[in-house]
2 protein chains.
Amino acid sequence: MPAARPLQPAFKALADPTRRDILRRLSAREMTIAEITAHCDMTRAAVKKHLVVLKDGNLIHMRHEGRETLSTLNAQGLKPVTDWLSYFEAFWDDKLSTLQTLLTDETET
Amino acid sequence: MPAARPLQPAFKALADPTRRDILRRLSAREMTIAEITAHCDMTRAAVKKHLVVLKDGNLIHMRHEGRETLSTLNAQGLKPVTDWLSYFEAFWDDKLSTLQTLLTDETET
DNA sequence: TTGACATGATACCATTTGGTACTGCATATA
DNA sequence: TATATGCAGTACCAAATGGTATCATGTCAA
């Protein structure tokens, strides 16, 4: 049996607003831990923990250069997530979904 | 200031495999709490908690019919999530992303 | 009315999570 | 060499999370 796609670590990594913010920043350029920390209002150790979670989710890469650790976005790691979500796009605008919404709103108003 | 889009509750709701599984099941049809529980290997109270999280994330609707509570998928609630993710699709296949991947793999191998 | 059924609500517990503080190591640099 | 820098690793703490057990409430059916 092939290895299960790492959906869970990726979803878990995305569940924290600090980590999503870090991903946004890394989309602009590679950054050191100290640089990321400067924007995050928490200690470097805390930021490091978030980076490890992002790495476990395969959403970033980390490389060492001298005494610095440089983090880069790995946008491809988001693909399993968007693939999982794409299944539901079929329900966005079809008639069944609309009907369900109407029925539900009727009981909730 | 307009209400911030409810990104956080939705991402949080998606971060649990049990909740993602429930969403899949609800995409097929409306279900009672007891029906969902039958698939989940945990107590009804635990499933109910997960359903509340999904409702807070605007990913399901719940309506009451007699003594039953029926849950339905709200696929539209996933839209803010996919919108957030779509920002990163631009980084999937472009040259910068590829270069970053090559550089990173080089140091990790 | 009586009882069974589906659920809501609460209290409680163990584990995980998000954070700080501290120590220590490797690396630039004067 | 001596010193400051950037980071890793660990211990520790408070709060959130995921689960159970228990009891109360409303509803269907005989």
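Letters A, B, ... mirror the listed sequences (proteins, then strands); counts begin at 1.
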**Request:** From the options A:Val52, A:Leu26, A:Thr72, A:Val53, select the one residue that forms a side-chain contact (heavy atoms from CB on, under 4.5 Å) with A:Ile60.
**Result:**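 Answer to the side-chain contact (heavy atoms from CB on, under 4.5 Å) test with A:Ile60 among A:Val52, A:Leu26, A:Thr72, A:Val53: A:Leu26.
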
Rounded to whole Å, please give me the gap between [atom1] in [X] and [atom2] in [N].
X       : N      : atom1 : atom2 : value
B:Asp16 : C:dT16 : CG    : C1'   : 12 Å
B:Lys48 : D:dT17 : NZ    : P     : 16 Å
B:Asp56 : D:dA16 : CG    : C1'   : 14 Å
B:Met62 : C:dA6  : CE    : P     : 16 Å
A:Leu51 : D:dC7  : CG    : C1'   : 12 Å
B:Phe11 : D:dT17 : CZ    : P     : 17 Å

**Nearest heavy-atom neighbours spanning A:Leu51 and A:Ser71** = CD1-OG, 4.0 Å

**Item:** Shortest non-hydrogen contact between A:Phe91 and B:Ser27, atoms and distance
**Value:** CE2-O, 3.3 Å

**Request:** Take B:Glu35 and B:Arg29 through the salt bridge (Lys or Arg N to Asp or Glu O under 4.0 Å) test and state the conclusion after the steps.
**Result:** CA-CA 11 Å; B:Glu35 282 174 330; B:Arg29 62 184 179 89; 3.5 Å; yes

**Asked** What's the closest nucleotide to the A:Lys12 side chain, out of C:dT20, D:dT20, C:dT17?
**Response** C:dT17

**Prompt:** Say you draw a straight line from CG of B:Asn58 to CD of B:Gln76; how long is it, rounded to the nearest 0.5 Å?
**Reply:**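 Rounded to the nearest 0.5 Å, the CG-CD separation comes to 9.0 Å.
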
**Asked** In Å and rounded to the nearest 0.5 Å, what is the CD to NZ distance from B:Gln8 to B:Lys12?
**Response**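 Atom-to-atom, B:Gln8:CD and B:Lys12:NZ are 7.5 Å apart.
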
**Request:** Specify the residues of residues 33-43 of chain A, ordered by number, for which at least one heavy atom lies under 4.0 angstrom from an atom of DNA chain D.
**Result:** A:Ile33, A:Ala34

**Message:** Does A:Thr32 reach a base, just sugar-phosphate, or nothing at all? Heavy atoms under 4.0 Å.
**Reply:**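 Here A:Thr32 touches the backbone only, sparing every base.
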
**Request:** Determine, stepwise, if the pair A:Asp21 / A:Arg25 fulfils salt bridge (Lys or Arg N to Asp or Glu O under 4.0 Å).
**Result:** CA-CA 6 Å; A:Asp21 185 64; A:Arg25 293 186 187 285; 3.1 Å; yes

Return the polar atom pairs (N/O with N/O) between nucleotides 28-30 of chain C and the protein under 3.5 Å, or none.
none

**Item:** Short N-O contact, B:Glu89 and A:Lys79, less than 4.0 angstrom
**Value:** no

**Prompt:** Ignoring hydrogens and angles, does a donor from either the side chain of B:Lys49 or the base of D:dG19 sit under 3.5 Å from an acceptor on the other?
**Reply:**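 Yes.
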
**Message:** Just so I know, are the side chains of B:Trp84 and A:Leu14 near enough to count as touching, which here means a heavy-atom distance under 4.5 Å?
**Reply:**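 Contact flag for B:Trp84/A:Leu14 side chains = yes.
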
**Prompt:** Looking at B:His50, does any N or O in its side chain come under 4.0 Å of the phosphate oxygens OP1/OP2 on D:dG19?
**Reply:** yes

**Asked** For DNA chain C, whose closest nucleotide is more 5', that of A:Arg44 or that of B:Thr69?
**Response** B:Thr69

